[in-house]
Amino acid sequence: MQFQTLKTDVLILGSGGAGLFAALHASRANPGLDITIAIKGLLGKCGCTRMVQGGYNVALSPGDSVERHFMDTISGGKWLPDQDMAMRLCETAVIRVQELENELGCFFDRNDDGSLHHKAFAGQTFDRTVHKGDLTGIEIISRLMEQVRALPLQMMEEHRALALLPSRDGDVLAGVLLVDMRSGEFRVVKAKTVLLATGGGPTMYRYHTPSGDKSMDGLAMSLRLGLGLRDMEMVQFHPTGLLAGRDTRMTGTVLEEGLRGAGGYLLDGQGERFMLNYDAEGERATRDIVSRAIYAEMRAGRTTSNGGVYIAMSHLGPDLVAAKFPGMVKRCADCGFDLAAGRVEVVPTAHYFMGGVVVTTDTRTAMPGLFVAGEDAGGAHGANRLGGNGVANSTVFGGIAGDEMAAQASLQNHWVEPDSEVIEAAMERSMLPFRQAAGSINSIRDRLLDLMWDDVGVLRDADGIKRAQVEMVALKTELQACGLADDNRVFNLSWHDWLNLSSLIEVSEVIAAAALSRENSRGAHYREDFPEVGSLDDSYFTIAHSDPEKVGQTVRVECQPVEFSIVKPGESLIH
Amino acid sequence: MKAHRKQPLYLAFLLHRISGLGLALFLPLHFYVLGLSLQGDATLDRFLHWSQQPLMKFVEFGLVFLLALHFFGGLRLLALENMPWSNRQKNYAALAVAAAFFVAGGFLLRAF
Amino acid sequence: MSDSSTASITVHVWRGNSEGGSFDEFQVPQQPSQTILDIVTWIQRNLDAGLSYRFACRVGMCGSCAMMVNGIPRWTCRTHVNKVMRDKQLTIEPLRNLPVIKDLACDMSEFFAKWNQAQGQFQGSTTRDEKIAPISPCSPEREAANAAIECINCAICYASCDVVAWNRDYLGPAALNRAWSLQNDVRDTAGESRLAAVAGDAGCHRCHSQQGCASYCPNELNPTASIAGLKRLTASDFLRRRYRSRHA
Amino acid sequence: MLEIRLYLAQRISAAIMAPLVLLHLGLMIYAIQGGLDAGEILARTRGSLFWGSTYGLFVIAVSVHTALGLRNIMREWLQLRGMVLSSLSWLFFCGLAFAGLRAIAGLVGMS
Ligand SMILES: Cc1cc2nc3c(=O)[nH]c(=O)nc-3n(C[C@H](O)[C@H](O)[C@H](O)COP(=O)(O)OP(=O)(O)OC[C@H]3O[C@@H](n4cnc5c(N)ncnc54)[C@H](O)[C@@H]3O)c2cc1C
Ligand code: HEM
Ligand code: SF4
Ligand code: F3S
Ligand code: FES
């Protein structure tokens with residue numbers, strides 16, 4: 001098959017916080033470098049960094065400290081985070097927020113005296129979340145985007161990465177195979193260094209929050225390259241996603257945390273409050289507890305017409321609600337719901353993926369030449385991510401990756417030839433649907449989403465997970481045989497739906513295997529057959545390998561003890 | 001008209017432009033008529049007499065209307081550009097049209 | 001497919017590419033919660049797999065999904081069908097004033113090139129190693145900067161503006177709105193050259209206050225007011241310079 | 001900087017005209033109501049420096065304003081650019097100014 005070949009010093013995949021920061025840092029570190037950024041959508045206009053609402057955790061407030069931020073991150077992550085990564089995150093966040101303000105022009109909300117405003121966010125012992133109203137992500141990504149768009153770099157917008165290409169001997173990363181979504185043509189970009197920043201995104205669940213372009217491509221590509229992925233069982237659910245029916249893309253999108261914090265009620269299908277049956281904190285309990293409670297209500301059948309529960313705010317006074325949550329009220333109104341005075345159906349929704357590629361604190365991987373940052377990288381959050389640590393993670397490590405890649409690419413004066421067999425195989429694989437008779441991709445998608453939601457979701461047990469594993473093998477085979485109704489490769493969304501689904505199934509298999517292997521309940525992972533947390537001192541994390549080429553259950557999961565390199569359970573850095 | 005143009009403030013722009021264009025076309029004529037006075041009072045008088053006809057009255061009404069429309073619309077634009085923003089642009093646009101009718105109507109009535 | 005959907009909507013969708021195109025007609029079942037983006041998705045998933053369009057966040061944050069709906073530019077992910085449907089009919093076209101890639105997806109390159117041309121990026125004087133400047137949120141400059149800041153670069157204003165259509169070089173409401181926000185940012189140091197950039201042949205003076213931008217901006221921003229601000233700023237700056245050069 | 005100059009010229013000329021238009025309209029009403037004929041009008045304007053300079057200013061302002069307004073329209077609706085555009089704008093300006101000043105000369109009687 002035909003493809004065009006290009007060359008670059010630094011290749012960045014993705015334009016979220018991680019990708020854009022990497023571009024900026026690499027270019028500042030060495031303006032002479034040839035930098036290319038390839039994105040599945042338009043630069044800065046896709047991915048989840050834009051969707052950040054709550055804000056950015058940083059220890060900048062008087063009285064707060066990096067150590068305290070670190071301790072909150074570790075205990076929030078149930079002692080599973082890689083402590084060196086978590087520390088680097090908390091330390092560098094300070095510089096990054098100053099960089100965002102002073103160099104890029106972000107303006108975060110201020111107190112009346114002009115100092116930065118820090119708001120409270122769940123799971124933290126100090127008010128440390130800086131924000132711009134409840135649209136923090138738009139401010140961060142817009143400022144980043146306009147800076148990066150002014151740089152003299154190669155933009156490959158609407159280019160989807162299909163495969164990471166090793167050298168012939170498999171020792172180093174040589175480049176990436178992409179498809180130009182606008183023309184359907186293949187491109188191989190040979191690069192001295194590559195950053196994977198495609199941002200995870202658990203969109204294989206019936207209800208999910210991330211943007212539509214995210215489909216775990218980065219992790220699927222890493223698996224094929226033979227890299228180990230850690231914490232793959234850790235999928236964070238947000239308790240209140242909008243529920244508006246199956247055929248609307250609004251379903252699953254986040255209704256903000258603050259609604260419960262302000263005193264909103266959760267009601268079952270009969271209009272009864274139920275949270276107090278689960279936790280003394282009621283609706284104000286943490287994300288995981290509320291998600292599990294709602295899920296349990298749903299499973300018991302006490303649901304609304306669409307199969308969720310209600311959030312009700314009207315008892316606080318519709319005018320007050322409208323004044324306090326204008327964005328949410330408007331968003332609901334645009335969708336046809338009255339949040340201020342009525343009830344809105346909600347459901348837990350898959351929000352963030354803690355798992356990812358095993359990396360060092362300077363974003364290197366086991367494959368020389370490949371760097372990973374942002375939601376694609378595992379380790380910083382362990383079993384649970386604190387609200388506000390997600391965007392911190394992507395911007396901090398994206399910047400670090402940019403510095404590291406620039407340094408490495410500046411020293412290297414040759415390119416490595418990618419393995420042509422891998423290129424051929426990857427093109428062949430992606431062209432598969434054009435060689436099959438048209439099939440029903442919708443039904444495969446629906447079944448995957450339901451399967452993951454029902455059996456590998458908020459509450460899990462061995463039987464369910466095993467059931468899901470069997471079904472997933474079938475889905476995979478069906479997808480291979482499912483062709484497309486339109487064979488024009490130009491801007492063919494249905495083709496990309498197929499490719500998305502392929503990545504999602506491959507990663508779902510790994511999530512299921514990791515979930516089955518962890519026989520305890522930590523953070524986001526809850527096993528009904530193993531509800532205990534397990535010994536903190538013996539904390540371990542999972543590492544999964546898989547060969548998606550093979551049919552059947554091909555995932556291998558190992559456990560590795562957490563290295564308490566900075567603090568041990570029972571200890572604290574704060575005295 | 002294309003749907004995105006069916007919006008009061010676009011219509012205000014269009015009215016302003018068309019009235020300006022109308023005035024610009026009329027102006028040379030106006031100067032020509034005045035210039036007739038150069039040739040002597042009689043010609044001018046003949047013209048002024050001719051312009052007393054009802055049809056010409058109507059044309060005159062139209063001209064005054066255009067001028068008033070453009071005048072008030074122009075004041076609105078000068079205010080919009082040079083004064084602190086007011087959210088009542090639609091009201092001002094409507095006001096400009098109403099005032100133009102008023103002035104031109106007044107002119108027409110008195111002139112009969 | 002939901003069986004509660006008895007009624008169906010007749011949807012006319014523009015199909016084609018940069019060389020031209022025409023309308024296709026589809027029947028889509030109506031649902032209680034349904035946005036224009038859902039209509040387009042339904043067609044692509046169930047009726048015509050080849051339909052091209054763009055979206056990402058699906059909640060009005062990324063500005064990728066704008067299209068002309070019954071002739072008016074809108075964010076389709078946040079536009080409920082009931083709000084715009086007339087007689088069970090909808091017409092959906094690609095955004096105006098931008099080159100079409102295919103069907104409902106446009107090429108936004110020129111929109112962002114103009115953002116650059118208007119110097120729509122911050123230039124500060126302090127670095128990441130310095131403390132964040134204390135700035136009162138209630139100062140008039142900050143209020144002006146904030147009023148214009150929440151732009152999601154959806155190009156809806158750009159599509160609504162006839163000056164853009166008549167004058168391909170015109171920087172357009174979004175880029176100028178961004179420039180105005182930056183001019184009011186007391187931390188920014190590029191004010192002078194930005195002012196020159198927005199005062200050029202394609203700059204703020206081309207605006208005729210048509211106000212489609214302000215009427216249709218989904219985030220209720222007011223580019224007209226921002227552009228008026230730039231007109232004042234460029235004019236007073238110009239007069240001041242002339243005065244100075246005379247009396248130097 | 002050309003655009004700023006033209007913009008300012010158009011807005012300033014508009015601002016100058018605003019009171020003059022009121023004055024002119026007022027005079028017309030007065031003239032019509034009073035049933036003044038050409039002779040009576042001319043009798044009042046002949047030799048008046050005041051009327052001469054007031055209307056002179058009016059004519060210059062209206063010529064500038066209109067030529068620049070038409071320039072915008074020609075540019076946007078007729079897609080004219082460059083030399084053609086500026087020549088036509090100058091032509092409008094000169095034509096209007098000439099015709100207007102000539103008319104005033106007639107009124108004031110300076111011919
Ligand atoms: C609704 C919502 C609210 C959130 N709120 C907060 C919050 O308040 N605080 C917080 O800290 N975190 C929050 N998060 C999490 C936060 O958004 C993420 O942690 C973070 O933005 C991830 O950044 P990233 O750069 O890794 O990925 P993203 O920003 O998601 O970017 C991924 C990029 O990769 C591209 N891409 C994907 N696949 C490919 C491919 N195959 N080829 C090429 N490019 C590809 C995408 O198009 C995109 O440009 C929220 C997330 C969501 C969804
Ligand atoms: C009486 C006072 C007047 C005022 C306050 C005024 C004001 C204005 C303003 C502010 C504009 C700019 C509109 C824009 O660019 O969007 C304008 C345009 C214009 N004016 Fe006037 N004007 C006046 C009188 C006149 C007269 C007497 C004429 C013609 C004889 C005229 C002809 C025009 C034309 C042709 C335009 C261009 C319209 C456009 O670009 O849309 N104006 N006027
Ligand atoms: S100003 Fe409004 S309409 Fe224009 S791009 Fe920004 S958000 Fe969209
Ligand atoms: S629509 Fe266009 S003309 Fe000006 S006010 Fe807005 S930019
Ligand atoms: S899809 Fe992001 S704004 Fe509509």
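Just so we're on the same page: letters track the sequence lines, and every chain starts at 1.
Using a 4.5 Å cut-off between heavy atoms, D:Gln79 touches chain C through its side chain atoms alone. For D:Ile4, the parts lying near chain C are the backbone and the side chain together; criterion is any non-hydrogen pair under 4.5 Å. Contact annotation for C:Arg206: both backbone and side-chain heavy atoms come within less than 4.5 Å of a heavy atom of chain D.
In this structure, D:Trp77 and C:Trp166 have perpendicular ring planes: the angle between them is above 60°, well past the 30° mark.
Other residues, nucleotides and ligands contribute over 12 non-hydrogen atoms within 6.0 Å of the CZ atom of C:Arg168. C:Glu25 CD: more than 12 foreign heavy atoms inside a 6.0 Å radius. Summarising the local packing, CZ of D:Phe98 is surrounded by 12 or fewer heavy atoms from other residues, nucleotides or ligands at distances under 6.0 Å.
Among D:Arg75, D:Arg81, D:Arg5, the single residue meeting the salt bridge (Lys or Arg N to Asp or Glu O under 4.0 Å) criterion with C:Asp201 is D:Arg75.
Side chains of D:Asn72 and C:His208 form a contact here, defined as non-hydrogen atoms less than 4.5 Å apart.
Remark: D:Leu2 CG to C:His205 NE2 distance equals 11.0 Å, nearest 0.5 Å.
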